[in-house]
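See structure below.
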Amino acid sequence: QVQLVESGGGLVQAGGSLRLSCAASGRTFSSYHMGWFRQAPGKEREFVAVIAYSGGITYYTDSVKGRFTISRDNAKNTLYLQMNSLKPEDTAVYYCAASSSTGWFYSVPGEYDYWGQGTQVTISS
């Protein structure tokens with residue numbers, strides 16, 4: 001069992017920055033691929049970024065490439081999402097998730113075993 005708790009959300013102006021954190025407890029954090037998803041009102045949950053369990057491989061959805069950076073600190077059992085140059089379109093509830101999958105269908109929510117409760121990110125223009 002893995003418990004995930006997001007933090008760091010809030011209200012910022014367009015062009016600003018925000019760093020989200022996801023604290024994990026339970027099983028060994030380093031055994032899981034970790035991802036960030038987001039969900040805006042009336043929309044499906046959307047893949048944002050993923051980082052492999054080793055931290056050496058990352059992928060991002062096109063809309064955040066060059067602006068967001070996913071990272072992890074396995075020693076601290078913590079996942080991060082650094083968000084820069086934020087846009088109003090980034091407004092959503094952001095969720096972290098853990099995957100024990102041996103595959104690499106990283107953009108599919110069903111591939112993730114554990115989810116946090118989410119943290120609200122609101123970007124004003």
Item to complete: Please list, chain by chain and in numerical order, all residues satisfying side-chain contact (heavy atoms from CB on, under 4.5 Å) with Ser25, sequence neighbours excluded.
Response: Gln3
Between the main-chain N or O of [Y] and the side-chain N or O of [X], is there a donor-acceptor pair closer than 3.5 Å?
{"X": "Thr78", "Y": "Lys76", "result": "yes"}
{"X": "Glu6", "Y": "Gln117", "result": "yes"}
{"X": "Trp36", "Y": "Tyr80", "result": "yes"}
{"X": "Asn84", "Y": "Thr69", "result": "no"}
{"X": "Thr119", "Y": "Ser7", "result": "no"}
{"X": "Ser85", "Y": "Arg67", "result": "no"}

Do you reckon [X] sits in the same ILVMFWY cluster as [Y], going by side-chain contacts under 4.5 Å, direct or chained?
{"X": "Tyr95", "Y": "Met34", "answer": "no"}
{"X": "Val12", "Y": "Leu81", "answer": "yes"}
{"X": "Leu18", "Y": "Tyr60", "answer": "yes"}
{"X": "Val50", "Y": "Leu4", "answer": "no"}
{"X": "Tyr106", "Y": "Leu20", "answer": "no"}

Worksheet item: For the ring pair Phe37 and Phe47, is the centre-to-centre distance below 6.0 Å?
Response: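 Centroid separation for Phe37 and Phe47: below 6.0 Å.
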State, yes or no, whether a side-chain contact exists between [X] and [Y] at a heavy-atom distance under 4.5 Å.
{"X": "Ile51", "Y": "Leu79", "result": "yes"}
{"X": "Met83", "Y": "Val121", "result": "yes"}
{"X": "Tyr59", "Y": "Ser107", "result": "no"}

Worksheet item: Which heavy atom in Ala40 sits nearest to a heavy atom in Ala92, and how many Å separate them?
Response: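 In this case the closest contact between Ala40 and Ala92 is N-CB, 3.8 Å.
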Worksheet item: Minimum heavy-atom separation for Arg72 to Ser30, with atom names?
Response: NH2-CA, 3.9 Å
Fill in: Tyr114 atom OH, neighbour heavy-atom count above 12 within 6.0 Å
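It does: Tyr114 OH has more than 12 such atoms within range.
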Worksheet item: If you round to the nearest 0.5 Å, how far is CG of Asn77 from OH of Tyr32?
Response: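 These two atoms lie 11.5 Å from each other.
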Worksheet item: Stepwise, does the side chain to side chain contact (heavy atoms under 4.5 Å, CB included) test hold for Tyr112 with His33?
Response: CA-CA 9 Å; Tyr112 293 80; His33 304 311; 5.5 Å; no
Item to complete: Give the C-alpha distance, both sets of side-chain angles, the deciding distance and a yes or no for side chain to side chain contact (heavy atoms under 4.5 Å, CB included) between Thr91 and Gln120.
Response: CA-CA 8 Å; Thr91 295; Gln120 177 69 51; 4.1 Å; yes
Worksheet item: Please, which pairs that meet salt bridge (Lys or Arg N to Asp or Glu O under 4.0 Å) have at least one residue in residues 37-59, sequence neighbours excluded?
Response: Arg38-Glu46, Arg38-Asp90
